[in-house]
Amino acid sequence: MINPKLKLSVKIFKKGIDMLPTRQGYGEGLVEAGEKDPRVVALCADLKDSTRSNLFAQKFPDRFIEVGVAEQVLATIAAGMATYGKIPFINSFAVFSPGRNWEQIRTTIALNDVPVKIAGCHTGVSVGEDGATHQMLEDIALMRSMPNMMCIAPCDAIEAKKATLEAAQNGKPTYIRLTRNETPVLTSPKTPFKIGRAEIVWVSKDPQVAIIACGPLLYEALLAAKELGKKGIETQVLNSHTIKPLDEQTIVRAARTCGAVVTVEEHQIAGGLGSAVSEVLSRAYPVPQEFIGMPDQFGESGTSNELLTKYGMKAANIIAAVKKVITRKNG
Amino acid sequence: MKLSTQDLQKIANDIRKDVIRMLLEAGSGHSAGSLGMTDVFTALYFEIMNYDPKDPDWEDRDRLILSNGHICPVRYATMAHAGFFPVSELKTLRKLGTRLQGHPERLRLPGLETTSGPLGSGLAQGAGVAYAARMDQKRFRVFCICSDGEHDEGNHWEAVAFAGKNNLANLTVIVDRNNIQIDGFTEDIMPLEPLDEKYKAFGWHVLHIDGHNFEEIVNAVNHARSVYESPTVIIAHTVPGKGVSFMENKFEWHGKAPNKKEANLALKELDTIAKNIKKEKE
């Protein structure tokens with residue numbers, strides 16, 4: 001069942017559930033962060049409407065810096081501003097930032113250990129019709145492998161806002177993964193959130209599998225858990241929004257409790273949340289694990305639903321993976 | 001000028017000797033650019049910049065960003081002579097545990113402002129500091145040293161455009177125009193000329209100087225201070241390997257350190273130069 005302690009949305013599983021893109025929550029969070037701290041500035045590479053940094057630009061025109069389609073200096077101008085003492089948020093599509101400017105981020109933000117926040121918008125295949133070139137599927141791998149960098153994938157717009165506010169004050173280089181499409185708002189303003197702490201959103205008396213998800217696909221994991229529950233297969237669902245630093249304690253405990261794991265992300269299987277989880281569990285508590293994610297392919301044009309279906313990242317795929325991992329566990 | 005030309009030449013000569021000693025001890029490093037830019041660094045730290053070596057984070061300090069980080073031996077040596085840390089620490093260059101990393105790192109040594117090495121990223125950072133400083137109505141100047149070779153990098157020109165668009169008059173760039181890069185002469189690898197026209201096209205004010213003439217260096221910076229509508233680039237024409245006859249103008253010395261024999265020869269030549277400075281003074 002839904003974990004009552006987390007005060008999630010009352011509209012979960014209902015038709016009328018609120019639908020908002022995580023980038024919207026980010027945009028609003030950025031404005032609030034700017035209101036709270038005059039050091040917060042925002043930079044954008046000619047994508048202010050799409051990244052929702054336009055909201056900050058409207059509120060704080062003197063603190064918004066447009067750099068044009070130039071993602072490399074998007075990172076390095078921000079790095080300079082951060083060494084001076086500002087708290088810069090840089091905004092573009094994830095394929096370009098951190099995709100294109102990864103080395104600039106590595107050298108001038110991570111190695112310098114300055115508090116620049118990288119908001120990577122339009123992640124996953126659900127970007128849709130723009131096609132493969134704009135569907136970033138490798139960003140978690142890029143950012144979690146970078147020392148000093150934190151990596152967060154909020155599950156909905158409300159969580160994105162909280163993540164943005166907390167990131168603004170954490171004094172560290174931070175990557176926030178955002179999505180284009182409207183997705184179900186499954187948390188509520190009252191849902192506890194802390195960077196680095198995974199939350200168990202679905203609980204069972206005797207869970208057989210821990211489904212560990214990040215980002216909006218968490219809702220697919222809940223749908224899967226509900227469906228499996230009806231069939232007598234009990235699971236636990238974790239919202240592992242922070243891929244780095246990963247909440248190792250909660251994840252190991254989940255593996256211990258359940259004995260098997262399915263990870264879920266809208267990202268290549270290689271190098272994302274699934275890899276991070278398997279690194280921890282291999283060391284601390286190895287259990288059979290199945291990976292839901294992009295199977296080492298590029299995306300393509302299509303609607304987000306078509307693409308998630310084609311590439312196997314829907315509730316039905318999670319259900320199949322749960323059944324498979326149980327077979328492996330008992331095998 | 002606060003110091004005389006001879007005083008500055010003497011300091012620069014001492015720094016060149018330490019650069020040679022450091023590189024020999026380290027067994028690797030970049031000789032040509034380090035020696036070529038010694039006079040500019042001397043002028044910046046001993047004549048031009050406003051800073052406190054005992055308080056490297058003093059918030060109103062002038063900033064110096066070294067974009068071509070590989071010539072850090074001359075920066076480290078100049079900072080030591082300027083009082084940031086003991087000259088004796090220079091021999092730790094590139095050694096395990098050192099504060100003097102092979103390419104400079106912000107967190108290792110106070111006073112560096114940023115990490116550099118990968119080319120093309122320094123100017124944008126300087127522009128970021130300059131932009132932020134102007135937001136807060138700060139009066140300090142941001143100096144950025146770039147190599148000519150790194151003008152091959154696209155992101156350098158992104159920064160040039162940004163600084164020009166935003167009229168960052170508190171940003172002063174000095175280009176080490178020594179005509180060499182790793183694989184050969186700049187004009188053979190990827191021609192840069194007309195470099196000044198390119199900067200002008202982006203709205204910059206451009207000056208040309210002899211990078212070994214202290215009066216010209218100081219005058220150029222003063223000129224830049226008086227330009228209110230645009231950033232200024234000072235194209236400093238330098239001799240790579242300046243001061244050591246067998247290194248001068250040889251691109252092979254870009255990324256090489258002298259061996260014992262070469263170092264001894266170099267130090268002898270620099271000693272002779274020192275004596276001649278003394279003679280001129282008298």
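The figures here come from the full heavy-atom set of this structure, side chains too, leaving out hydrogens, waters and symmetry mates. Reminder, nothing fancy here: chain letters follow the sequence lines and each chain counts from 1. None of these values were measured; they are calculated from a predicted model.
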S.K.: In terms of heavy-atom proximity below 4.5 Å to chain A, should B:Arg108 be classed as side chain, backbone, both, or neither?
M.R.: neither
S.K.: Would a 4.5 Å heavy-atom cut-off, applied to side chains only, mark B:Met135 and A:Val41 as touching?
M.R.: yes
S.K.: Please state whether the side chain, the backbone, both or neither of B:Glu158 comes within less than 4.5 Å of a heavy atom of chain A.
M.R.: both
S.K.: Atom CZ in B:Arg106, atom CG in A:Leu111: separation rounded to 0.5 Å?
M.R.: 10.5 Å
S.K.: Which heavy atom of B:Ala132 sits nearest to which heavy atom of A:Met81, and what is that distance?
M.R.: CB-CE, 4.1 Å
S.K.: Considering all heavy atoms of both residues, which atom of A:Thr107 and which atom of B:Thr115 are nearest to each other, and what is their separation?
M.R.: O-CB, 3.8 Å
S.K.: Measure A:Arg106 against the heavy atoms of chain B and call it side chain, backbone, both or neither at under 4.5 Å.
M.R.: neither
S.K.: For B:Glu113, which atoms come within 4.5 Å of any heavy atom of chain A: side chain, backbone, both, or neither?
M.R.: backbone
S.K.: Please round to the nearest 0.5 Å and tell me the distance separating atom CZ of B:Phe162 and atom CG of A:Leu74.
M.R.: 10.0 Å
S.K.: Can you give me the closest heavy-atom contact between B:Ala159 and A:Val73, atom names plus distance?
M.R.: N-CG1, 3.6 Å
S.K.: Can you name the nearest heavy-atom pair linking B:Gln125 to A:Thr108, along with the distance?
M.R.: NE2-CG2, 3.3 Å
S.K.: B:Asn155 pairs by side chain to side chain contact (heavy atoms under 4.5 Å, CB included) with which of A:Gln104, A:Glu103, A:Arg100, A:Glu71?
M.R.: A:Gln104
S.K.: Working to the nearest 0.5 angstrom, can you tell me the gap between B:Tyr131 OH and A:Ile77 CD1?
M.R.: 9.5 Å
S.K.: Look at A:Lys86 together with B:Asp136 and state whether they make a salt bridge at an N to O cut-off of under 4.0 Å.
M.R.: yes
